[in-house]
Amino acid sequence: GAQLDELGISIEFAFEKAKEFRSRIDKIVEDLALSEAKRFMLSDIDIDSLLHDPESFRSPKIQIPATEVSKHGLDIEQIEDRTKKNIGPTDLFEVKHRFDLAKLRTWLKSSHFEGKSDYTTVLLHLRTVEKVFWARALQGFDNAYLDSSGTVILLDVVNIYRNVFHLFEGTLDSGWLLMPELRSRELLVVWIAYCLTFAAVKDARNDVMSDMSVALAYTDLKHLVLSDKLSWEVLTEVASFLDQNHESVKAELFSFRSNATFRFAQHFTNGDSALVRILNSEKNDAEARMDKHWAEVRRKQTEAEQLRSEINTIEGQLRNAECELSIEQSRYNCACVYDTRASRASLRSCEDTVSSLKQNLSSRRGSLKSVLKAPSPVCQPLPRDDNKALQWLFFLHMPPMLRVLSTLSFMGQQMLVPRPWKVKCGGPDGIEMIDVMSTLRVNNGECLASFYNSYQSCEFYSPLEQRSSVRGNVALVSPSPVAKIRPKNIGPASVDHMSSREDGVWFPDSVSYNMEWMGGSLSFDKACGKSFDPFRVPSNWVVSYFTEKLESEASSLQWAMRLQDNSDDANERANRPLACQEVQEDRPDWLPKPQFLSFCNMRAFPNKQIRNIFNALLDRSLPLEYKCVQSLLRQTLFHVGITSLDEKLGNLGLVWKHDLIEDEFLTTGKAILQNFADEINESPSSYLSVLAIGDIACFLSEWDCDTKETSRMLARSAFSWADEFASQVESTENATDAIGFRLRQRVLLGVSFLCFIQGSLNDKDIN
């Protein structure tokens with residue numbers, strides 16, 4: 001001010017000029033922004049022509065911010081090309097009553113989806129497959145059986161679905177959806193495919209399937225987290241089928257918990273004409289190998305006899321020649337008196353004869369040594385024992401339908417195994433880092449399919465029909481290398497000691513064998529070439545894997561999210577909130593003691609969970625505006641829990657959710673929700689609480705449709721609040737304020753949408 005005064009400029013004048021300059025600058029910025037926006041405005045559209053020719057509606061112009069270009073490490077052309085692929089209409093798959101897997105696979109592989117990776121398209125893929133599978137499961141599994149080619153297509157569809165999910169898992173995790181629910185839906189798709197395949201195999205070969213059990217335990221479905229009643233009904237269908245087809249653990253087909261698979265393999269192969277034909281051909285080939293080998297032995301033995309005879313003759317000739325040489329030597333020594341020249345010639349002749357005979361004898365002896373060496377041993381590709389051979393052939397030439405079943409058996413069980421291989425799912429609270437593979441790892445074996453292929457042909461015999469096997473996802477392996485089991489010396493070393501066609505022939509009957517699983521054909525299921533046993537996964541890991549993880553500021557409360565289903569855990573949990581309420585590290589500052597106790601006791605006793613939610617709402621004992629509280633409520637509501645097939649529990653058969661089929665409870669719950677909604681209905685600052693109450697009301701409306709009115713009321717309130725911000729956007733002259741108003745408007749519109757989107761929708765909801 002002093003400097004302005006020295007210049008003769010009043011402060012009032014300077015202030016007015018500053019305001020004027022600021023106004024001009026804001027106007028210039030506004031004009032520039034408007035000018036830039038006009039570049040992306042759509043021209044006037046003739047609605048009538050648009051209805052008749054949708055192609056007349058041109059796509060908007062796309063311009064990518066420079067920050068996005070640098071973030072993705074792509075040039076502007078690549079970014080724009082990717083963006084253009086993500087806009088435009090998306091083909092829908094019409095779900096009909098007929099379970100048309102071929103068309104579904106074609107739709108999933110359509111070039112229309114090529115390059116599209118936006119959130120909506122990914123969810124469209126996933127939800128469409130789920131919708132098709134859900135509809136099929138609700139029809140039951142004991143009808144309209146798939147044929148062999150149908151099961152192959154079924155596995156292909158499952159693999160495509162899982163590839164899409166895992167490719168964009170990080171994208172989906174950032175949204176409103178619970179990651180445990182996404183995993184649960186993935187598991188349910190795989191288990192439905194397993195049930196369909198098991199039913200198809202049972203229908204095709206009921207003679208050997210009648211006493212076999214499913215490999216998947218319906219009790220493991222208690223870990224799933226599903227937000228809609230339809231999915232629960234599908235789950236119950238799956239659970240019912242698995243329970244009906246489970247005789248005992250000892251009879252489980254394609255499971256590491258049982259050896260029944262090899263008993264089944266023997267019976268199946270013995271009754272399968274194609275496999276029996278292969279077995280007979282293998283037996284004939286094995287006999288042919290032995291015959292050819294024995295013929296070679298006999299040839300060598302005959303040749304050895306001939307050589308021995310020749311050697312005996314040559315040895316006699318050599319003895320005579322050596323005698324003559326000795327006589328000639330004596331004559332030569334006396335030849336100095338008589339005829340030296342004649343004696344020398346005769347001596348040389350005798351020496352040449354002896355030398356020639358010795359060379360001939362050495363050659364014959366060398367030939368005899370070579371002939372006496374036993375021919376290369378014959379390693380037969382299959383055990384001689386018929387029972388073992390039948391079991392080997394089942395895995396080596398397994399029919400496609402059973403290959404699909406074996407894959408889905410292990411894949412279905414692996415759905416319970418936490419991913420990635422190092423993940424925070426361990427410890428009593430489920431937050432400690434664990435190395436999954438260290439627990440599930442088993443030693444890799446030698447693939448017997450390779451062994452089988454290697455010994456189809458030998459030095460003496462090659463089958464006219466060349467048979468070969470491929471390693472299946474569930475492979476037959478030997479725990480130890482066959483080279484260590486096979487004798488170092490198969491049969492006698494000399495043909496002199498070979499008196500039977502069995503000599504020099506080895507059958508792999510002494511090789512022990514079992515199944516091996518390395519994760520199947522999908523890369524994200526594999527563990528760097530290591531084999532493992534998914535049936536070993538500890539239950540507490542599965543509990544943590546299907547429990548929503550809280551954000552870092554609420555990580556000390558993660559233990560309260562988990563819920564084991566044993567009484568010891570419940571008793572311990574009931575005491576823990578009281579013990580931790582005074583510990584600063586355990587209780588966040590934003591959570592007062594009463595609310596802390598309410599939060600931690602929410603899941604303390606499984607059968608009271610639903611009632612605990614409504615007690616908390618009635619007492620206003622939970623801060624609903626916090627995301628961790630919303631996660632707790634959703635985990636509590638959606639967690640399926642123990643599944644019971646007792647008809648007294650109604651169609652759902654879910655023990656933890658028994659309250660949902662009681663009219664009195666539903667009436668009381670609806671009143672509590674409506675009371676809470678009336679309280680926050682006129683409070684825009686409570687929009688996060690609106691979201692929580694709307695979510696609960698939507699869930700409850702699946703059992704009492706009248707509860708949906710509470711969701712609709714809250715949705716209308718949030719929408720009206722968004723409208724108020726829309727008017728403020730239009731009236732404000734400040735660009736920064738307009739952006740803030742627009743952001744608040746978008747948030748409230750999202751809240752309005754999420755408040756009622758779950759559950760059944762009427763025409764007004766859709767409009």
Side-chain angles (χ1 to χ4, degrees), residues 105 108-109 113-119 121-130 133 152 154-175 177-194 215-216 220 223-225 254 256 403-404 406-426 433-442 444 471-475 516-538 541-542 544-549:
R105 181 176 63 175
L108 290 169
K109 291 184 174 182
F113 294 112
E114 185 178 352
K116 286 196 171 185
S117 59
D118 60 290
Y119 189 92
T121 303
V122 173
L123 279 180
L124 175 64
H125 270 89
L126 301 181
R127 291 296 178 262
T128 299
V129 174
E130 291 162 11
F133 277 56
V152 173
L154 175 66
L155 180 59
D156 199 13
V157 169
V158 170
N159 286 338
I160 295 172
Y161 169 91
R162 297 192 62 221
N163 266 318
V164 171
F165 173 66
H166 286 272
L167 188 60
F168 302 104
E169 187 174 3
T171 302
L172 298 173
D173 192 23
S174 62
L177 300 172
L178 293 178
M179 183 51 64
E181 180 175 9
L182 294 173
R183 293 169 182 155
S184 299
R185 300 178 83 90
E186 178 195 17
L187 180 145
L188 206 50
V189 165
V190 175
W191 283 37
I192 289 171
Y194 171 80
L216 305 178
D220 285 331
H223 300 295
L224 270 55
V225 177
F254 296 120
F256 284 145
R403 284 206 185 274
V404 172
S406 65
T407 298
L408 288 172
S409 299
F410 283 87
M411 181 190 292
Q413 182 63 26
Q414 191 173 339
M415 292 296 96
L416 298 169
V417 177
R419 295 186 301 261
W421 296 114
K422 291 187 177 181
V423 62
K424 292 183 177 180
C425 282
M433 184 66 71
I434 57 171
D435 185 348
V436 177
M437 190 51 58
S438 64
T439 298
L440 306 187
R441 178 87 164 90
V442 294
N444 287 38
R471 179 191 177 105
N473 290 327
V474 179
E516 183 178 72
W517 173 254
M518 300 178 70
S521 58
L522 300 176
S523 59
F524 48 80
D525 281 341
K526 295 179 183 293
C528 301
K530 299 175 183 177
S531 58
F532 57 95
D533 181 358
F535 292 90
R536 286 186 188 175
V537 59
W541 288 8
V542 183
S544 299
Y545 185 56
F546 285 93
T547 300
E548 181 73 359
K549 293 292 186 290

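In what follows, residues are counted from 1 in the order of the sequence shown.
The backbone N or O of Cys425 sits less than 3.5 Å from a side-chain atom of Ser544, completing a donor-acceptor pair. In this structure a side-chain-to-backbone donor-acceptor pair under 3.5 Å is missing from Thr128 to His125. Between the side chain of Tyr194 and the backbone N or O of Ala215 there is at least one donor-acceptor pair closer than 3.5 Å.
Between Trp517 and Phe532, the ring planes lie perpendicular to each other; the angle is over 60°, past the 30° to 60° tilted range.
For the side-chain hydrogen bond (donor to acceptor under 3.5 Å, both in side chains) test, residues two or more places apart in sequence or in another chain that qualify with Glu130 are Arg127, Tyr161, Arg185. The ring pair (Phe, Tyr, Trp, His ring centres under 6.0 Å) test applied to Trp541 returns no partner, not counting sequence neighbours. For Asp156, the side-chain contact (heavy atoms from CB on, under 4.5 Å) test picks out Arg105, Lys109, Ile160, with sequence neighbours left out. Looking at residues two or more places apart in sequence or on another chain, you find a side-chain contact (heavy atoms from CB on, under 4.5 Å) between Asn159 and Leu155, Met411, Ser521, Leu522. Take Thr407 and apply the side-chain hydrogen bond (donor to acceptor under 3.5 Å, both in side chains) test, not counting sequence neighbours, and it matches Asn473. For Asn444, the side-chain hydrogen bond (donor to acceptor under 3.5 Å, both in side chains) partners two or more places apart in sequence, or in a different chain, are Arg441, Ser531. Partners of Arg471 under the side-chain hydrogen bond (donor to acceptor under 3.5 Å, both in side chains) rule, at least two apart in sequence or in another chain, are Glu516. In this structure Phe256 satisfies the ring pair (Phe, Tyr, Trp, His ring centres under 6.0 Å) test together with Phe410, sequence neighbours excluded.
Of all non-hydrogen atoms in Val417 and Val436, the two that sit nearest each other are CG1-CG1, 3.6 Å. Nearest heavy atoms, Ala527 versus Met437: CB-CE, 3.2 Å. Across all non-hydrogen atoms, the minimal contact from Leu440 to Pro534 is CD1-CA, 4.5 Å.
Going from atom CG of Leu224 over to atom CE of Met415 covers 11.5 Å, rounded to the nearest 0.5 Å. For the atom pair OG1 of Thr439 and CD1 of Ile434, the computed distance is 7.0 Å after rounding to the nearest 0.5 Å. Going from atom OG of Ser438 over to atom CH2 of Trp421 covers 11.0 Å, rounded to the nearest 0.5 Å. To the nearest 0.5 angstrom, His166 atom NE2 is 10.5 Å from Leu182 atom CG. Between the CG atom in Leu188 and the CZ atom in Phe133 there is a gap of 10.5 Å [rounded to 0.5 Å]. Atom CZ of Phe546 sits about 13.0 Å away from atom CG of Leu178, to the nearest 0.5 Å.
Using a 4.5 Å cut-off on side-chain heavy atoms (C-beta onward), Ser184 and Leu187 make no contact. Pro418 has its side chain out of reach of Val542: every pair of non-hydrogen atoms, C-beta onward, lies at least 4.5 Å apart. Contact of the Val164 side chain with the Leu126 side chain is registered, since non-hydrogen atoms from C-beta on lie closer than 4.5 Å.
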- Task: Check the pair Thr547 / Val225 against side-chain contact (heavy atoms from CB on, under 4.5 Å), numbers first and verdict last.
- Result: CA-CA 8 Å; Thr547 300; Val225 177; over 6 Å; no
- Message: Run the side-chain contact (heavy atoms from CB on, under 4.5 Å) test on Leu154 and Val404 for me, step by step, so that the C-alpha distance in whole Å, both residues' side-chain angles and the decisive distance to 0.1 Å come before the verdict.
- Response: CA-CA 9 Å; Leu154 175 66; Val404 172; 5.5 Å; no
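Among pairs with a residue in residues 517-533, those fulfilling salt bridge (Lys or Arg N to Asp or Glu O under 4.0 Å) read Arg162-Asp525, Asp533-Arg536, at least two apart in sequence or across chains. Under the salt bridge (Lys or Arg N to Asp or Glu O under 4.0 Å) criterion, the residue pairs touching residues 409-424 are Glu186-Arg419, with sequence neighbours excluded.
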